[in-house]
Structures are given as structure tokens and as C-alpha cells.
Amino acid sequence: MSSLNEGWFTEIFQDQGTAFSLQIKQKLHEEQTPFQKLEIYETETFGNLMVLDGCVMLTSRDNFLYHEMMTHPALFTHRDPKKVAIIGGGDCGTLKEVLKHPGVEEAWQVEIDERVTRMSEKYFPELCESNEDPRANFFFGDGIQWIRDVAPGSLDLIIIDSTDPVGPAEGLFALDFYRDALLALNEGGLIVQQSESPMLHTDSIIKSIHTDLRKAGFDHVHTLPFPQPVYPTGWWSCTMAGKHKPVQYFREEDADNRPFVTRYYNAGVHRGALAMPQFMAESLGDPVQPGEG
Ligand code: SAM
């Protein structure tokens with residue numbers, strides 16, 4: 001739920017009794033796509049803002065935190081990721097980060113709503129600057145069906161960069177989808193999913209993601225928290241799981257010597273994100289800390 005009042009956009013989290021506001025210069029765009037209401041604003045201090053169905057998706061100023069943490073930890077955990085699928089991610093920021101890895105040979109962005117990508121090209125061009133990369137492929141359709149149809153064992157990494165688990169994204173947080181994802185992955189393959197707020201969702205959404213991933217056959221599951229100022233509580237997470245591949249260890253030397261620029265991610269940030277806050281470790285039953293395994 002959101003409101004626009006005296007130059008302020010406010011996203012209201014009614015069930016949590018909290019809200020987050022950004023001061024707005026102007027509304028740049030509004031449309032009802034076949035899937036959702038899409039709004040773009042110019043803010044006073046956070047650049048452009050994209051809102052889907054009243055929920056903040058991203059701003060120009062702080063999206064690097066989310067996009068770097070949704071990609072580089074997983075890409076540096078996999079031994080040699082070559083074929084990557086992004087489910088959702090229509091703003092193209094995740095695709096841009098994936099394609100920074102020279103070893104990636106093919107990346108697919110599977111977004112249900114083409115309008116999100118078209119409007120990102122217009123209002124977030126900096127996120128779309130790798131869209132012409134010959135390794136980039138676009139499919140506009142349902143990611144659940146796409147994963148069902150892809151050849152078994154053909155992917156190294158699946159990144160689920162989706163909206164909250166309601167509407168078309170609900171099935172992306174489900175056991176059946178994780179089973180299909182496991183089949184689609186190579187041996188040693190990884191899945192990483194945006195997994196909401198540690199503060200609000202550890203005992204609910206994050207816990208059920210862990211349970212379902214394990215039920216589906218992923219034997220290693222770990223949640224990495226990171227800051228995200230414009231999302232509820234300002235604290236967000238991604239959950240990574242491996243197909244017969246531990247996810248608490250990564251190619252630290254390669255992360256240190258990465259041949260590209262990042263603004264948040266580095267090997268130290270990655271190590272830090274692997275440390276489970278105590279309440280999460282207790283709730284998720286994941287006592288293994290980096291260095292302890
Ligand atoms: N960073 C954002 C967040 O966590 O709020 C997510 C950004 S990205 C814009 C999310 C995208 O997921 C949306 O564009 C939405 O259309 C897409 N999406 C939702 N359900 C989907 C599905 N079943 N298949 C493919 N894309 C989906």
C-alpha cells in the first residue's frame with residue numbers, strides 16, 4: 001500500500017505498523033500493465049524510483065547494494081558459472097552485474113512483464129547498459145514455466161530477482177518451483193533468491209524458503225543479510241542453496257582480484273554476510289559460521 005501526499009511518496013507496511021517515505025520532485029510515468037501498476041518518480045535525493053503495485057522496487061541511488069549482493073556472492077561461490085538464468089529482474093540491474101563476470105557465456109533474463117524492462121531502459125539507462133552484450137538473452141514470460149521447460153542440467157546458476165511472494169511471484173517461493181530448479185541445474189549448481197527482511201521475515205518467509213529448498217533436494221542452504229535502505233526495515237537478504245555444493249565457502253582470491261568495479265561487494269563484505277546473526281541461526285537451525293565448518 002502506498003500514498004502520495006504533499007510531495008512525499010510513502011509505502012505503508014500496515015501489518016508492521018511502519019512506513020517509508022521519499023520526497024518526490026515529479027511523477028514521470030504511470031501505467032497499468034497486464035500484470036501490475038507501474039509507477040516511476042523522480043525523487044529529491046534518491047534519483048529515480050520504480051514502484052510496482054505500491055511497493056518500492058528500486059531507486060537509482062541504492063540499487064547497487066541489492067544487485068551486487070544478488071549476484072557476486074553466488075557467482076564467486078560457484079566453481080565456474082557459465083550459464084545463468086535470472087527469473088524476474090526486469091530492471092536489468094542483476095543482468096548487468098552477472099555480465100561483469102568474464103567467464104559467463106550466456107545469461108537469460110526471464111521477466112513476466114516486458115513493460116518493466118522498457119521503462120527501465122528509459123528511466124534507469126545505467127542499469128541497462130549491458131543489454132546489448134551478445135551474451136544477454138531476454139525472454140518475456142512466466143519464469144515458473146520457463147524453468148519447467150529448460151533442458152535438465154543445463155544451468156549453473158538461477159537467480160530469483162522477483163517481487164514479494166504475492167501474485168505472479170508467489171509460485172517462485174514454492175516447493176514445486178524449487179524441484180524444477182534443482183532439475184534445471186548442473187551438478188554443483190546454485191540457486192539464489194531475494195528473501196525479504198531478516199527483521200520481519202526470518203520466522204516466516206525465510207524459514208519456509210529454507211525448509212522447501214531442503215525438501216526439494218538442495219543440501220546446503222544459507223541466508224546472507226545486507227543493507228537496503230528503501231526496503232521495509234532497511235535490512236534485506238538473499239538465500240543461496242547448492243545442488244551438492246556447500247555455499248558457506250567461496251573463491252575468495254578471485255573475489256579479491258575481480259576484474260571489474262563494484263561499489264559494495266568485496267571479499268570482506270562476502271565473508272561478513274556469511275556470518276549468521278544469532279537469532280537467525282537459532283531460527284533457521286544453521287549453526288555453521290564461516291571458519292567453523
Ligand atoms: N528488487 C526488487 C524487489 O525485491 O522488490 C525486485 C525487482 S524486479 C523489478 C522484480 C520483477 O519480478 C518484476 O518486474 C516482476 O514483473 C517480476 N516477476 C514477478 N513474478 C514473476 C514470474 N512468475 N516470472 C517472471 N518474472 C516475475
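Just so you know, ligand 1 is whichever comes first in the structure, and atom 1 is the first atom listed for that ligand.
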Quiz item: Going by the atom numbers of ligand 1, which of them fall below 4.0 Å from some non-hydrogen atom of Leu52?
Solution: 13 (C), 14 (O)

Exercise. Examine ligand 1 and decide if any of its atoms is less than 4.0 Å from a heavy atom belonging to Trp146.
Key: no

Exercise. May I ask you to say whether Lys37 pairs ionically with Glu30, meaning some side-chain N is under 4.0 Å from a carboxylate O?
Key: yes

Practice problem: Look at the aromatic rings of Phe260 and Phe76 and report parallel, tilted or perpendicular, splitting at 30° and 60°. | Solution: parallel

Practice problem: For residues His101 and His72, establish whether the separation of their ring centroids is below 6.0 Å. | Solution: yes

Self-check item: Qualifying residue for side-chain contact (heavy atoms from CB on, under 4.5 Å) with Met50, from Thr59, Asn63, Val116
Solution: Val116

Self-check item: Enumerated ligand 1 atoms positioned under 4.0 Å from heavy atoms of Asp161
Solution: 1 (N), 6 (C), 7 (C), 8 (S), 10 (C), 11 (C), 12 (O)

Quiz item: What do we get for Met50 next to ligand 1 when only non-hydrogen atoms under 4.0 Å count, side chain, backbone, both or neither?
Solution: neither

Quiz item: Near Leu172, which atoms of ligand 1 are under 4.0 Å from a heavy atom of that residue?
Solution: 20 (N), 21 (C), 22 (C), 23 (N)

Self-check item: Electrostatic pair Lys27:Glu39 at N-O distance under 4.0 angstrom
Solution: yes

Quiz item: Among Thr33, Ile112, Val166, Val56, which one has a heavy atom closest to atom 26 (N) of ligand 1?
Solution: Ile112

Exercise. State the atoms of ligand 1, each with its element, that fall below the 4.0 Å cut-off from a heavy-atom position in Val116.
Key: 14 (O)

Quiz item: Quick one: does ligand 1 sit under 4.0 Å from the side chain of Phe35, the backbone, both or neither, non-hydrogen atoms only?
Solution: neither

Quiz prompt | Atoms in ligand 1 with a heavy atom of Asp91 nearer than 4.0 Å | solution = 7 (C), 8 (S), 9 (C)

Self-check item: Residues Glu31, Arg115: salt bridge by 4.0 Å N-O rule
Solution: yes

Quiz item: Between Asp164 and ligand 1, does any nitrogen or oxygen pair lie at a separation below 3.5 Å?
Solution: no

Quiz prompt | SB check Lys82 Asp80 (cutoff 4.0 Å) | solution = yes

Practice problem: Grab the two heavy atoms, one from Leu224 and one from Met240, that are nearest each other, plus how far apart they are. | Solution: CD1-CE, 3.8 Å

Quiz item: What atoms of ligand 1 come within less than 4.0 Å of a heavy atom belonging to Pro168?
Solution: 20 (N), 22 (C), 23 (N)

Exercise. For Gln36, take its heavy atoms, then give the atoms of ligand 1 lying under 4.0 Å from any of them.
Key: 15 (C), 16 (O)

Quiz item: Any Lys/Arg nitrogen of Glu187 or Lys245 sitting under 4.0 Å from an Asp/Glu carboxylate oxygen of the other?
Solution: no

Quiz item: Are Lys96 and Glu129 ion-paired here, with the side-chain N under 4.0 Å from a carboxylate O?
Solution: yes

Quiz item: Any cation-pi pair here, Arg61 with Phe46, using under 6.0 Å and within 45°?
Solution: yes

Practice problem: List the closest protein heavy-atom neighbour of atom 11 (C) of ligand 1: residue, atom name, distance to the nearest 0.1 Å. | Solution: Glu111 OE1, 3.4 Å

Practice problem: Please report which non-hydrogen protein atom sits nearest to atom 1 (N) of ligand 1, along with the residue it belongs to and the distance in Å to one decimal place. | Solution: Tyr231 OH, 2.7 Å

Quiz item: Quick one: does ligand 1 sit under 4.0 Å from the side chain of Thr163, the backbone, both or neither, non-hydrogen atoms only?
Solution: both

Quiz prompt | Option with minimal heavy-atom separation from atom 20 (N) of ligand 1, where the choices are Cys238, Ala169, Gly141, Gly143 | solution = Ala169

Self-check item: Element-labelled atoms of ligand 1 that are located less than 4.0 Å from some non-hydrogen atom of Val110
Solution: 25 (C), 26 (N)

